[in-house]
**Student:** 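Got a structure here, written out as structure tokens. Questions coming.
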Amino acid sequence: MRVQVRYFASLRERMGREGLRLEVPEAERLTVAEVWRRASGEPELPPGTLCAVNMEYAAPEREVRDGDEVAFFPPVTGGAP
Amino acid sequence: MRVQVRYFASLRERMGREGLRLEVPEAERLTVAEVWRRASGEPELPPGTLCAVNMEYAAPEREVRDGDEVAFFPPVTGGAP
Amino acid sequence: MSVRVRLTEAPFDPWAEVAEAERARGAARAAHGAAAVFVGAMRDRNEGVAVESMFLEHYPGMTEREMARAAEAALVRWGAAEAVVVHRVGEVRPGEALVLVAVWSGHRAQAFEACREIMEAVKHRVPLWKRERRADGERWVERNTPGRMDPAGA
Amino acid sequence: MSVRVRLTEAPFDPWAEVAEAERARGAARAAHGAAAVFVGAMRDRNEGVAVESMFLEHYPGMTEREMARAAEAALVRWGAAEAVVVHRVGEVRPGEALVLVAVWSGHRAQAFEACREIMEAVKHRVPLWKRERRADGERWVERNTPGRMDPAGA
């Protein structure tokens, strides 16, 4: 199965890219945290990192499916003073 | 001494006038509550009535002086929903 | 700290008023980036009864003074920079703006709190009285609506 | 209940936007007489350092969705009628508007609470990230300013 990985803001800069496409054997059970490990090569999600699956906030334990878009980003700082 | 008395809103309507000029012997000590009694002929301030002396909120015990303007009015209801 | 208060017998456009104040602020826009604004317009119903028009009585002199005092107190308490308060008086028709409270500040919490505090003073301290003309006759409005409420389901 | 959200890369005039929404409301003005509005503009200083410009990154699709969701949740929770949320993205200069949140409701408490709740969601849930260009270099903004504060002297 295929999973689209996306990084944003300071995390995108640190990873040196906007994302990647991850391909894994169909039989495997894949969580958001496992997607992070395989995509980044880092064992743990950096503290405070937020995750989304298909543009919905998701916990690291959340299971992903074929075709899902998984995004990782730092705490948000929108709005104004 | 002379005191200008003013009524507003529902109190003005009930009293049937916008106010009156009160004249009292210089020697007398006059409180806001006493101004009400003499001006209105009613012994007590109606519950909830607000008092102002020279456009400043004042307690009924407040002493008034020659030339003061004493206003009586119901609770305010400005602003919007 | 700057406070501007105004009473008007004529209808006014609250958003034009805020836009104008904003233009006049010039460089302060980049210093005090948060603006909280409340606008209250006359409703066409009250307690389920249709209201045709309203007369807003005031105490000339004291009304302006209490508006300015409330705005100054709120700016000081919350450390906010600027306030504009406009209140309609006289004859008002449903849909027309009754009151505008605008506060500028460095941070949003100050702006929100100061704006709300000024509105509560306008409801409870500033001498203004509403007389409604309704389908069932004329009457003085005697109670204020609550300034705080619980969320749905609380 | 009506929610309108918009992202814009171009500068926008928040007060013209509110005035336009107000005109479009028509008869609803007399039904929902309370409007609470917050506008945040970019400040020219942050933590004492001059900020020359800012880049606002977003997550196209998710950003709009979270804005709309926050506005709907706040309208439902507070029983408010209508919300307009506009957020700037891309390059922004000091003094330019970053965010507009406008809420219309039958009563002022609902409008204030819903407006404030939407602003807090914009600060904490909506995927938007600020990168400041300052005299001392570029940096990502990593902390939010507090949404609540105590009055002076408390």
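Letters A, B, ... are given to chains in the order of the sequence lines, protein chains preceding strands, and every chain is numbered from 1.
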**Student:** Can you check whether A:P74's main-chain N or O pairs, donor with acceptor, with D:W129's side chain at less than 3.5 Å?
**Tutor:**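 Present.
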**Student:** Non-hydrogen contacts under 4.5 angstrom with chain A: give the residues of residues 108-124 of chain D involved, or none if there are none.
**Tutor:**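 Result: D:M119, D:V122, D:K123, D:H124.
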**Student:** Evaluate whether atom CD of D:E9 has more than 12 neighbouring non-hydrogen atoms of other residues, nucleotides or ligands under 6.0 angstrom away.
**Tutor:**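 For D:E9, atom CD is not crowded (no more than 12 foreign heavy atoms under 6.0 Å).
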**Student:** I need the minimum non-hydrogen distance between A:M55 and D:P60, along with the two atoms involved.
**Tutor:**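 Scanning both residues, the minimum pair turns out to be CE-O, 3.3 Å.
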**Student:** Rounded to the nearest 0.5 Å, what separation is found between the OH atom of D:Y59 and the CG atom of A:L50?
**Tutor:**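 One gets 12.5 Å once the value is rounded to the nearest 0.5 Å.
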**Student:** Compare every heavy atom of D:V141 with every heavy atom of A:T77, then report the nearest pair and how far apart it is.
**Tutor:**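 Minimum heavy-atom separation between A:T77 and D:V141: CG2-O, 3.2 Å.
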**Student:** Is the number of heavy atoms from other residues, nucleotides or ligands within 6.0 Å of CD (A:E28) greater than 12?
**Tutor:**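 Yes, CD of A:E28 has more than 12 neighbouring heavy atoms, counting only those of other groups under 6.0 Å.
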**Student:** Nearest 0.5 Å, please: how far is CD in D:E142 from OG in A:S10?
**Tutor:**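 One gets 5.5 Å once the value is rounded to the nearest 0.5 Å.
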**Student:** Under 4.5 Å from any heavy atom of chain A, what part of D:R88 do you find: side chain, backbone, both or neither?
**Tutor:**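 For D:R88, no heavy atom lies under 4.5 Å from chain A.
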**Student:** If you count every heavy atom of other residues, nucleotides or ligands that lies below 6.0 Å from A:E63 atom CD, does the total exceed 12?
**Tutor:**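 Result for CD/A:E63: enclosed.
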**Student:** Nearest heavy-atom pair of D:R65 and A:N54: which atoms, and what distance?
**Tutor:**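 Nearest heavy atoms, D:R65 then A:N54: NH1-O, 3.5 Å.
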**Student:** Please give me the minimum heavy-atom distance between A:A52 and D:M62, naming the atom from each residue.
**Tutor:**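 The pair with the smallest heavy-atom distance is CB-SD, 3.7 Å.
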**Student:** Give me the contact list for residues 2-9 of chain A versus chain D, heavy atoms only, anything under 4.5 Å, ordered by residue number.
**Tutor:**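 Heavy-atom contacts from residues 2-9 of chain A to chain D are A:R6, A:F8, A:A9.
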